[in-house]
Amino acid sequence: EVQLVESGGGLVQSGESLRLSCAASGFAFDEYSIAWFRQAPGKAREAIGYISLGDGSTVYADSLKGRATISSDNDKNTVFLQMNSLKPEDTAVYYCAAAADDLDSFDYVDADEYDYWGQGTQVTVSS
């Protein structure tokens with residue numbers, strides 16, 4: 001059974017940092033790419049970036065470049081999202097998603113590219 005389980009969300013103050021985890025199981029981890037998305041209330045799902053687990057390369061959305069870092073521990077089948085200098089507008093449910101096909105800097109934003117999704121973890125940033 002394929003599972004993606006996010007954790008690490010919670011309530012933080014503006015300016016603080018947070019590291020989210022996405023624990024994967026049930027598929028060949030190194031052969032996939034895993035992306036992070038977020039969705040704020042009343043807004044469309046937004047792609048944050050992704051990591052190619054085979055070579056560790058990453059791509060980020062321009063709007064979050066510099067504040068978001070995606071990394072992985074392939075031995076533990078886990079991907080991380082480090083978010084720094086959090087703002088109230090970062091409040092959202094954060095999701096990880098896995099894609100078997102190769103992604104590029106254009107198609108990673110398309111939710112249809114992904115085979116599996118986690119259930120999401122809530123991040124709330126207070127001002």
Side-chain angles (χ1 to χ4, degrees):
E1 179 190 6
V2 172
Q3 281 193 313
L4 293 173
V5 180
E6 301 96 337
S7 61
L11 174 64
V12 296
Q13 299 284 332
S14 182
E16 292 183 342
S17 298
L18 201 63
R19 189 174 84 155
L20 305 180
S21 299
C22 172
S25 60
F27 60 92
F29 190 74
D30 292 358
E31 297 177 9
Y32 277 68
S33 295
I34 289 185
W36 285 94
F37 287 78
R38 65 183 183 181
Q39 188 165 20
K43 295 189 176 181
R45 190 167 294 189
E46 175 188 18
I48 296 170
Y50 78 95
I51 184 168
S52 295
L53 295 168
D55 63 10
S57 59
T58 53
V59 169
Y60 297 97
D62 287 343
S63 61
L64 288 162
K65 202 173 291 185
R67 292 201 300 124
T69 302
I70 299 173
S71 61
S72 69
D73 183 338
N74 287 28
D75 290 337
K76 295 183 179 179
N77 284 11
T78 301
V79 171
F80 305 99
L81 171 65
Q82 176 78 30
M83 289 283 295
N84 298 325
S85 303
L86 286 162
K87 309 171 185 179
E89 51 264 43
D90 293 317
T91 294
V93 178
Y94 285 69
Y95 300 89
C96 61
D101 292 337
D102 290 341
L103 300 172
D104 62 32
S105 58
F106 298 100
D107 62 18
Y108 83 96
V109 302
D110 183 354
D112 290 339
E113 292 289 331
Y114 298 88
D115 303 288
Y116 310 113
W117 289 82
Q119 83 291 346
T121 185
Q122 175 71 47
V123 173
T124 303
V125 185
S126 64
S127 57

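As the structure is a computational prediction, the values presented were derived from the model and not from experiment. We use all heavy atoms of the structure for the numbers below, so side chains are in, but hydrogens, waters and symmetry mates are not.
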Minimum heavy-atom distance between [X] and [Y], given as atom pair plus value:
X    : Y   : value
G118 : Y95 : O-CD2, 3.7 Å
L20  : G9  : CD2-N, 3.5 Å
L4   : C22 : CD2-SG, 3.9 Å

Within the 4.5 Å heavy-atom criterion, are [X] and [Y] side-chain neighbours or not?
X    : Y    : answer
F29  : I34  : yes
D101 : D107 : no
Y50  : V79  : no
L64  : R38  : yes
I48  : Y94  : yes
L11  : Q122 : no

Quick check for you: to the nearest 0.5 Å, what is the distance between [X] atom [atom1] and [Y] atom [atom2]?
X   : Y    : atom1 : atom2 : value
Y32 : D115 : OH    : CG    : 5.5 Å
E89 : S14  : CD    : OG    : 7.5 Å
T58 : I51  : OG1   : CD1   : 6.5 Å
T69 : R19  : OG1   : CZ    : 11.5 Å
C96 : Q119 : SG    : CD    : 7.5 Å

- Parallel, tilted or perpendicular: rings of F37 and W117 (30°, 60°):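 Tilted: the ring planes of W117 and F37 meet at 30° to 60°.
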- Query: Hey, is CG on D102 packed in by over 12 heavy atoms from elsewhere, all under 6.0 Å?
  - Reply: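 Count not over threshold, so no.
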- Any chance CD of Q39 has more than 12 other-residue heavy atoms, nucleotides or ligands included, within less than 6.0 Å?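 Yes.
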Do any N or O atoms from the side chain of [X] and from the backbone of [Y] form a donor-acceptor pair under 3.5 angstrom?
X    : Y    : result
N74  : L53  : yes
S52  : S33  : no
Y108 : V59  : no
Y60  : I70  : yes
E6   : G120 : yes
E16  : Q13  : yes
R67  : S85  : yes

- Message: For residues L81 and Y114: do they belong to one hydrophobic cluster (side chain heavy atoms under 4.5 Å, members Ile, Leu, Val, Met, Phe, Trp, Tyr)?
- Response: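 Result: no, two separate clusters.
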- Shared hydrophobic cluster for F27 and L103 (ILVMFWY, side-chain gaps under 4.5 Å):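 Different clusters.
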